[in-house]
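Below: one structure, written as structure tokens.
Below, chain A is the first sequence line, B the second, and so on; all start at residue 1.
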2 protein chains.
Amino acid sequence: MRVLIVEDEKGILNFLRDGLKEENFAVDTAQDGNTGLELALVNDYDVVLLDWMIPGISGIEVCRQIKKEKRSVPIIFLTAKDTVQDTVFGLEAGANDYIRKPFQFEELLARIRVQLRSTNEEDSALTFEDIYLNLDTRQVFKGKREIQLTQKEFALLEFLIRNKGKVCTRTRIIEHVWDIHFDSDTSVIDVYINFLRKKLDEDGKESCINTVRGVGYIMREV
Amino acid sequence: MRVLIVEDEKGILNFLRDGLKEENFAVDTAQDGNTGLELALVNDYDVVLLDWMIPGISGIEVCRQIKKEKRSVPIIFLTAKDTVQDTVFGLEAGANDYIRKPFQFEELLARIRVQLRSTNEEDSALTFEDIYLNLDTRQVFKGKREIQLTQKEFALLEFLIRNKGKVCTRTRIIEHVWDIHFDSDTSVIDVYINFLRKKLDEDGKESCINTVRGVGYIMREV
DNA sequence: CCGAATTTTAAGCGAATTTTAAGAATTCAT
DNA sequence: ATGAATTCTTAAAATTCGCTTAAAATTCGG
């Protein structure tokens, strides 16, 4: 899940970035309106956090522009202001939600989850056959057995399951899970597929992750 | 589907080439304007990706020249610049779309698909009689039976079905599926037609792929 | 700052795929 | 019917690609 944070105050920015990374988001940041807008238009984010008062183009304007091109990206305003006026402006500009500073990180997280939930229509769990992924607790079960996964393993499995039934090309995987854009020469995917298979597959049975030679991988339900 | 990429930065070039090959495109590349233009004029591409700033003739000029001779080839600009000015120039020069670097591979792919769709009008599935090709999962079914195909087999079948009812000449096949332009002295097509027939045809019945002696092959609906 | 866990790199192996090559079979014109 | 051209078939050679490992680099908590 990719997030863009547009916020000029360094302290808050770092706080948010670190917190969200811990929650396994791929985080991009911008400290002014222009950069923020550009990033938002170029990339596909799952949610955008937008400060109200930023240098360059105002938050409201950034919001308006993003919504013009990409209707579906959820935008959450972070704002110190709290008059009714401003809130109305924000929502008119197309924001999906807003949160007043200072806020509890937990609350922000909750609001982000709400937004994600509404676009994808999933709860905080993903499943594939007898594999169960709880996104809240980061627990993974294979049947009744709990499986310990590292961050990257979890992210890769999450991506594969979200795209179950479709071939995930190496390029897409490296972009969504590793956030690498211009390096095609790495075998890190192979290694992690191998890790997942070792942890998830049962002896004798076919792997739950299929290889599509020359292309990528797919989790295909039988 | 054939793509030409004109881009001087090696890293980006490789990244694009690999990514597009995974998506089953036949990819040609050029690292300067002159070579790019020449390739574009000599061959039939389904889409051209053109960097703005390249050695030799400028991207804009290449675009203009291509459009003068071949109105219909869609051209997508890859550009680091982002002023309105440049965009306007690009579109005036005849570009069909542009994308700013750095970009998500996904987004590029989406834009390419938009361009292709306007000429063809395809979904993620192709059919010919009881043969069903799913481009998402790369699965092939003959009736209810699933058929395992390799990359090249898949690409060849895809090409034949996209052109069903039309004769596919050996030259067009070798260009679109193998990306070979001069070497007419190979029997690789015969071999692969043979592979496909073995996998797809049923005993006793006529092959689903017809030979047009001296010319090529055709999938003709009865 | 150290040590453990995680992530990444690199290399060898082996299997699957792709290509080459050559003889057999077919088609077509004379 | 015959011979030339073209296509089919097969097998073997060449290549590519993914799997596996181990070791190096990095991150992170104490």
- Message: Rounded to whole Å, how long is the line connecting atom CZ of A:Phe154 with atom P of C:dT7?
- Response: 13 Å

- Minimal non-hydrogen separation, A:Phe77 against A:Asp51, with atom names: CE2-O, 4.3 Å

- Distance in angstrom units between B:Leu156 CG and C:dT19 C1', rounded: 14 Å

- Message: Tell me the bend of the helix from C:dC1-D:dG30 to C:dT30-D:dA1 as the angle between end helix axes, each from five pairs, rounded to the nearest 10 degrees.
- Response: 30°

- Message: So, does A:Thr186 get its side chain near the phosphate of C:dT9, meaning an N or O under 4.0 Å from OP1 or OP2?
- Response: yes

- With ring centroids as reference points, do B:Trp178 and B:Phe159 lie under 6.0 angstrom apart? no

- Message: Counting neighbours of NZ on B:Lys166 that are heavy atoms of other residues, nucleotides or ligands and sit closer than 6.0 Å, is the number greater than 12?
- Response: no

- Query: From B:Thr169 OG1 over to B:Ile189 CD1, what is the distance, rounded to the nearest 0.5 angstrom?
  - Reply: 8.0 Å

- Message: For a quick test of reading the model: is some side-chain N or O of B:Lys21 closer than 4.0 Å to OP1 or OP2 of D:dT16?
- Response: no

- Message: Ring-plane angle category for B:Phe141 and B:Tyr132, please: parallel below 30°, perpendicular beyond 60°, tilted otherwise.
- Response: tilted

At a cut-off of 3.5 Å, list every protein nitrogen or oxygen paired with a nitrogen or oxygen from nucleotides 13-15 of chain D, distance to 0.1 Å.
none

- Query: A:Trp178 has an atom CH2; how far is it from atom C1' of C:dT9, in whole Å?
  - Reply: 13 Å

- Message: Rounded to whole Å, how long is the line connecting atom CD1 of A:Ile174 with atom C1' of C:dT8?
- Response: 10 Å

- Task: Take atom CD1 of B:Ile173 and atom P of C:dT18, then tell me their distance rounded to the nearest Å.
- Result: 16 Å

- Query: Under a 4.0 Å N-O cut-off, is there an ion pair linking B:Asp18 with A:Arg170?
  - Reply: no

- Any side-chain donor paired with an acceptor under 3.5 Å for B:Arg197 and B:Ser207? yes

- Return the value, rounded to whole Å, for the distance between atom CZ of B:Arg138 and atom P of C:dT17. 14 Å

- Expressed in angstrom and rounded to an integer, what is the separation of B:Asp18 atom CG from D:dT16 atom C1'? 13 Å

- Task: Could you tell me the separation between the CZ atom of A:Phe195 and the P atom of C:dT9, rounded to a whole number of Å?
- Result: 13 Å

- Query: If you measure from the Lys or Arg side-chain nitrogens to the Asp or Glu carboxylate oxygens, is any gap between B:Glu175 and B:Arg172 under 4.0 Å?
  - Reply: no

- Can you tell me how far the CD1 atom of A:Ile112 sits from the CG atom of A:Leu108, to the nearest 0.5 Å? 4.0 Å

- Note on the structure: With the side chain defined as heavy atoms from C-beta on, A:Gln151 is closest, among C:dT7, C:dT9, C:dT17, to C:dT7

Short N/O separations, protein against nucleotides 17-19 of chain D, under 3.5 angstrom:
unit_1	atom_1	unit_2	atom_2	d
D:dC17	O4'	A:Arg213	NH1	3.4
D:dC17	O2	A:Arg213	NH2	2.8
D:dG18	OP1	A:Gly214	N	3.0
D:dC19	OP1	A:Arg197	NH1	2.7
D:dC19	OP1	A:Thr211	OG1	2.7
D:dC19	OP2	A:Tyr217	OH	2.5

- Task: Give a yes or no on whether B:Glu38 atom CD has more than 12 heavy-atom contacts from other residues, nucleotides or ligands under 6.0 Å away.
- Result: no

- Over-ring placement of B:Arg2 relative to B:Phe25, 6.0 Å and 45° cut-offs: no

